[in-house]
Amino acid sequence: MTAASPERAQLHAFLAKHGKFLLTTHVNPDGDAIGSEVAFARWLRGMGKQVRILNDSATPHAYAWLTDEDPVERYSEPLCEECFEWADALVVLDTSNKQRIGKLANHLDRHAIALAIVDHHVTHDGFGAVNVIEPARPSACSLVYELIRESGAAIDRLSADALYVGLSTDTGNFRYSNTDTSAHLMAAELLKLGVDTQLTNLRISATAPAGRLRFFGEVLAALELYEGGKLVVIEASPEQFSRHGLEGADTDGLVDMPRVIAGVEVVMLVSEVVPTKVKISLRSAGRVAIDQIVAQLGGGGHQHAAGAQFRGSREDAKARLLPELAKLLATLDGERTGAKA
Ligand code: 5GP
Ligand code: MN
């Protein structure tokens with residue numbers, strides 16, 4: 001086996017050494033989180049290892065079909081204790097920020113469990129004994145794919161589906177700036193392994209209840225433009241969530257929609273599911289880096305897609321971030337389609 005870096009070599013050794021693995025990922029898991037867990041679990045099982053997957057938050061309906069053979073358990077205090085007692089090692093996927101694994105983080109402090117991280121985020125604590133953290137990779141699934149390939153193991157059909165889901169969702173269906181040559185090469189390999197892109201896209205995108213679209217419609221109808229149209233701000237209130245019977249995960253995809261407006265550089269979604277529990281999501285069209293903006297609130301992510309949690313009112317959250325965004329956007333000159341790439 002030829003590992004591409006010393007950290008990857010350490011990870012392969014880590015996997016060889018242990019027998020019982022607990023896998024987890026970030027709160028409110030997305031396609032990349034679930035996809036990387038499922039593919040990683042199947043890789044480990046193929047090596048004869050025992051595996052359990054335990055997450056802080058529920059699996060979104062759109063990705064549940066990936067977990068039929070590799071069930072994902074949902075956190076409860078006693079279940080988590082049982083898993084930590086049972087496992088020799090914990091592998092954290094698609095985050096390297098300890099707080100982002102949610103309630104499992106408390107248990108980490110109580111158990112001296114061997115810990116490895118496989119992630120592609122810029123903002124990280126690197127809290128594992130082994131840290132494979134490569135921000136240049138488009139998705140955590142890209143890393144898992146490369147690790148499996150390095151090991152020489154086969155990728156079965158369900159793993160290929162899981163890896164494709166992570167890659168395609170984290171790259172916005174191969175549209176975002178993290179879509180590089182490796183993303184397309186990996187997609188091509190996964191297609192050769194049998195992934196049906198049309199079916200997969202249907203399974204993950206045609207899952208919304210009608211209420212979600214009505215909610216999107218309301219939120220989008222009230223969008224506000226700032227900074228000469230370079231910044232779009234959208235907001236969702238607790239009243240809107242409860243009236244449509246939705247939860248936080250239902251905003252998935254919403255922040256991306258205003259990106260179709262001509263001249264937009266940044267979109268901010270300020271969503272308050274429960275009063276005073278505010279979630280900020282930021283997206284950049286590619287010319288400005290927005291991860292530093294949310295870092296001020298203890299958040300993080302990538303240069304062009306980042307988020308943070310904020311305790312307070314939506315107005316306070318906006319008052320904190322709007323001046324920073326204005327400063328950032330003032331540094332831009334020319335039209336998006338003109339001067340700068
Ligand atoms: P989203 O806006 O879709 O929730 O997240 C966009 C990106 O920012 C994702 O890569 C996600 O992992 C990251 N992100 C979202 N919320 C937080 C947060 O509270 N803390 C950190 N460190 N990253 C976040
Ligand atoms: Mn990811």
Side-chain angles (χ1 to χ4, degrees), residues 24-40 55-57 60 62-63 92-102 105 117-127 132-146 162-173 176-179 183 186 219 232-236 247-259 266-273 277-284 289-311 317 320-321:
T24 196
T25 187
H26 54 80
V27 292
N28 302 322
D30 54 12
D32 194 30
I34 301 296
S36 55
E37 289 186 309
V38 168
F40 207 91
N55 292 342
D56 174 276
S57 337
Y63 311 118
V92 176
L93 294 146
D94 198 33
T95 181
S96 37
N97 185 316
K98 191 169 158 188
Q99 293 318 312
R100 294 271 297 152
I101 65 172
I117 289 169
V118 177
D119 183 37
H120 71 128
H121 287 86
V122 186
T123 20
H124 55 77
D125 310 335
F127 62 104
V132 176
I133 302 170
E134 300 183 20
R137 312 311 298 125
S139 63
C141 278
S142 308
L143 270 170
V144 175
Y145 170 76
E146 288 168 21
L163 292 169
Y164 185 84
V165 165
L167 175 68
S168 63
T169 52
D170 257 32
T171 57
N173 263 317
Y176 300 159
S177 58
N178 58 348
T179 310
M186 171 174 160
V219 169
V232 174
V233 178
I234 49 178
E235 280 186 54
E247 51 187 42
D250 286 300
T251 58
D252 200 21
L254 177 56
V255 69
D256 297 302
M257 295 191 161
R259 295 167 76 148
V266 174
V267 183
M268 175 162 76
L269 165 63
V270 184
S271 106
E272 187 179 6
V273 187
K277 233 180 131 183
V278 176
K279 164 83 206 281
I280 308 290
S281 283
L282 276 179
R283 295 293 184 273
S284 164
I290 35 80
D291 51 324
Q292 286 311 312
I293 302 269
V294 284
Q296 301 168 23
L297 299 181
H302 310 277
Q303 274 190 350
H304 301 145
Q309 322 298 319
F310 179 82
R311 271 278 173 198
R320 286 279 295 274
L321 296 176

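When a ligand or atom number is given, it counts from 1 through the structure's own listing order. Numbers here simply count residues along the sequence, with the first being 1.
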Asker: Check whether any side-chain heavy atom of Ser142 lies under 4.5 Å from a side-chain heavy atom of Leu167, and answer yes or no.
Answerer: yes
Asker: Which atom name would you report as the N, O or S atom of Asp32 nearest the Mn ion (ligand 2)?
Answerer: OD2
Asker: Quick check: does Leu282 get an N/O under 3.5 Å from an N/O on ligand 1?
Answerer: no
Asker: Which atom names give the shortest non-hydrogen contact between Leu143 and Arg137, and what distance separates them?
Answerer: CG-CG, 3.7 Å
Asker: In terms of residue, atom name and distance, what is the protein heavy atom nearest to atom 17 (C) of ligand 1?
Answerer: Gly307 O, 3.1 Å
Asker: Check all N, O or S atoms of Asp170 and name the one closest to the Mn ion (ligand 2).
Answerer: OD2
Asker: Looking at Asp94, pick out the N, O or S atom nearest to the Mn ion (ligand 2) and give its name.
Answerer: OD1
Asker: Which protein heavy atom lies closest to atom 11 (C) of ligand 1, and at what distance to 0.1 Å?
Answerer: Arg100 NH2, 3.5 Å
Asker: Mark yes or no for whether Asp32, through its side chain, and Asp170, through its backbone, hold a donor-acceptor pair below 3.5 Å.
Answerer: no
Asker: Please find out if the Mn ion (ligand 2) and some N, O or S atom of Asp30 are separated by less than 2.8 Å.
Answerer: no
Asker: Nearest protein heavy-atom contact for atom 4 (O) of ligand 1: which residue, which atom, what distance?
Answerer: Lys279 NZ, 2.4 Å
Asker: Quick check on contacts: which atoms of ligand 1 are under 4.0 angstrom from a heavy atom of Asn97?
Answerer: 22 (N)
Asker: Provide the closest heavy-atom pair for Ser139 versus Gly166 in the form atom of the first, atom of the second, distance.
Answerer: CB-O, 3.9 Å
Asker: Check the pair His304 / Asn178 against side-chain hydrogen bond (donor to acceptor under 3.5 Å, both in side chains), numbers first and verdict last.
Answerer: CA-CA 9 Å; His304 301 145; Asn178 58 348; over 6 Å; no
Asker: Between Ser281 and ligand 1, which residue portion shows a heavy-atom distance shorter than 4.0 Å: side chain, backbone, both, or neither?
Answerer: both
Asker: Determine, considering heavy atoms only, which of Arg283, His304, His302 sits nearest to atom 5 (O) of ligand 1.
Answerer: Arg283
Asker: Which atoms form the tightest heavy-atom contact between Tyr63 and Asp30, and what is the distance?
Answerer: CE1-C, 3.7 Å
Asker: Which heavy-atom pair separates Gly300 from Val294 by the least distance, and what is that distance?
Answerer: N-CG2, 3.8 Å
Asker: Specify whether an N/O/S atom of Cys141 falls short of 2.8 Å from the Mn ion (ligand 2).
Answerer: no
Asker: For atom 10 (O) of ligand 1, which candidate among Gln99, Gln309, His121, Lys98 holds the nearest heavy atom?
Answerer: His121
Asker: Less than 4.5 Å apart, any side-chain heavy atom of Ile290 and any of Val266?
Answerer: yes
Asker: Considering Gly253, Gly301, Gly300, Ala305, which one's heavy-atom position lies nearest to atom 24 (C) of ligand 1?
Answerer: Gly300
Asker: Below 2.8 Å, any N, O or S contact between Asp119 and the Mn ion (ligand 2)?
Answerer: no
Asker: Taking all non-hydrogen atoms of both residues, which atom of Ala162 and which atom of Ala39 are closest, and how far apart?
Answerer: CB-N, 4.3 Å
Asker: How far apart are the closest heavy atoms of Ile117 and Gly126, and which atoms are they?
Answerer: CD1-C, 4.3 Å
Asker: Using non-hydrogen atoms of the residue, decide whether His26 is closer than 4.0 angstrom to ligand 1.
Answerer: no
